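Computed from a prediction, not measured in an experiment: that's the story for all the values here. Atoms within each ligand, like the ligands themselves, are counted from 1 in listed order.
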Amino acid sequence: MSLVGTPQLAGDAAVAVSGLRVRIASREILKGVSAGFARGRVTAVIGPTGCGKTTLLRSLNRLNDQRPGMRVEGEILLEGQSVYHRGRDVRDLRRRIGMLFQRPNPFPQSIRENVALGARVHGLWRREEVDRRVEELLRRVGLWDAVHDRLGSSPFALSGGQQQLLCMARALAVDPQVLLLDEPTSALDPHSTARIEELIGSLRERITVVFVTHNLQQAARCADEVLFLLAGEVVEQASVADFFQRPADLRSRAYIEGKPV
Ligand SMILES: Nc1ncnc2c1ncn2[C@@H]1O[C@H](COP(=O)(O)OP(=O)(O)OP(=O)(O)O)[C@@H](O)[C@H]1O
Ligand SMILES: [Mg+2]
């Protein structure tokens, strides 16, 4: 590891990761990762397949807890508080740190319920405002025109791109502080991809966004920061401009140029 987040970045971080090690059996998947995800910034996590990007994201909101045999060590702070603190309510943590996966995974309930369920479970909306909120969110993700006349129907009749936009509406419904997006557009057509990218841009004001992508152009277009991982270690965390124009590590330069790293 040659360079990790600058002290300035770590100080501003909504999420600060320090010395994160994730092991499964005797295999170390993350080998002491330190990084900061600043408030109101978008960070693209990049790196070759198998380098630990998904494992990093899943550690942040404790989804790795559910994986048998996986051990997580190190510190992850959300707004200065450990996410692994014994008294931490994991359901509340996952409301604060929402996640969108590579493959859309709507609930087997109606389109309306997909958007409204989380807010209901967390007691965020009054009964009389549910319809208005659902409409607002579906408009925000650009899905309202396509679904307004079938809100009571199953989401599985929607296209993959539409399902992903619905999952985005569902994630936003519970008003997260941090949104984790794991290759959110890799299964989408260019139109839905553009919609998700626009949403990422519009969220940056209020939400800390961390997204994994294999598409370096997308990282350059959508992100403020880049975190480059290689074989479970941070090679470099830098602003988009520094990373792409003045990478601090030779391995970053090789990766940007599509050479073996
Ligand atoms: N539950 C698990 N059991 C065993 N090995 C695992 C498990 N989860 C992840 N790994 C291993 O950890 C390494 C990192 O996996 P991870 O899914 O985090 O990579 P990634 O960077 O997201 O890759 P990709 O770009 O292909 O999505 C891989 O070698 C993977 O095989
Ligand atoms: Mg992955």
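For atom 30 (C) of ligand 1, the closest heavy atom belonging to the protein is R27 NH1, 4.3 Å. Ranking protein heavy atoms by distance to atom 16 (P) of ligand 1, first place goes to T55 OG1, 3.6 Å.
One option in N64, T49, L229, T54 has a heavy atom closer to atom 24 (P) of ligand 1 than any other, and that option is T49. In this structure, of V45, V212, I46, I29, the residue bringing a heavy atom nearest to atom 12 (O) of ligand 1 is I29. In this comparison of G50, G232, S186, A25, the heavy atom closest to atom 23 (O) of ligand 1 sits on G50.
At a heavy-atom cutoff of 4.0 Å, ligand 1 is contacted by the side chain of R67 but not by its backbone. Contacts with ligand 1 closer than 4.0 Å are made by side-chain heavy atoms of I24 only, the backbone lying farther away. With a 4.0 Å cut-off on non-hydrogen atoms, Q102 does not touch ligand 1 at all.
A continuous path of hydrophobic side-chain contacts links L137 to L181 [ILVMFWY only; heavy atoms under 4.5 Å].
A cation-pi arrangement, defined by a distance under 6.0 Å to the six-membered ring centre and an angle within 45 degrees of its axis, is present between R170 and F107.
Remark: the Q218 side chain and the T185 side chain contain an N/O donor-acceptor pair separated by less than 3.5 Å. Side-chain contact of S186 with Q102: a donor-acceptor pair under 3.5 Å is present, judged by distance alone.
Ligand 1 lies out of reach of G47, whose nearest heavy atom is not under 4.0 Å from it. Residue contacts with ligand 1: E183 is included, with a non-hydrogen atom under 4.0 Å away.
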*Between D189 and S192, is a side-chain hydrogen bond (donor to acceptor under 3.5 Å, both in side chains) present by the stated rule, with each step listed?*
CA-CA 6 Å; D189 67 31; S192 307; 3.2 Å; yes
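Of the N or O atoms in C51, one or more lie within a sub-3.5 Å distance of an N or O in ligand 1.
With a cut-off of 2.8 Å, the Mg ion (ligand 2) has an N, O or S atom of T54 in range.
Between R39 and E79 there is a salt bridge, with a side-chain nitrogen of the basic residue lying less than 4.0 Å from a carboxylate oxygen of the acidic one.
Within a 6.0 Å sphere centred on CZ of R103, other residues, nucleotides and ligands contribute 12 heavy atoms or fewer.
Using a 4.5 Å heavy-atom cutoff, the side chains of Q177 and R206 are not in contact.
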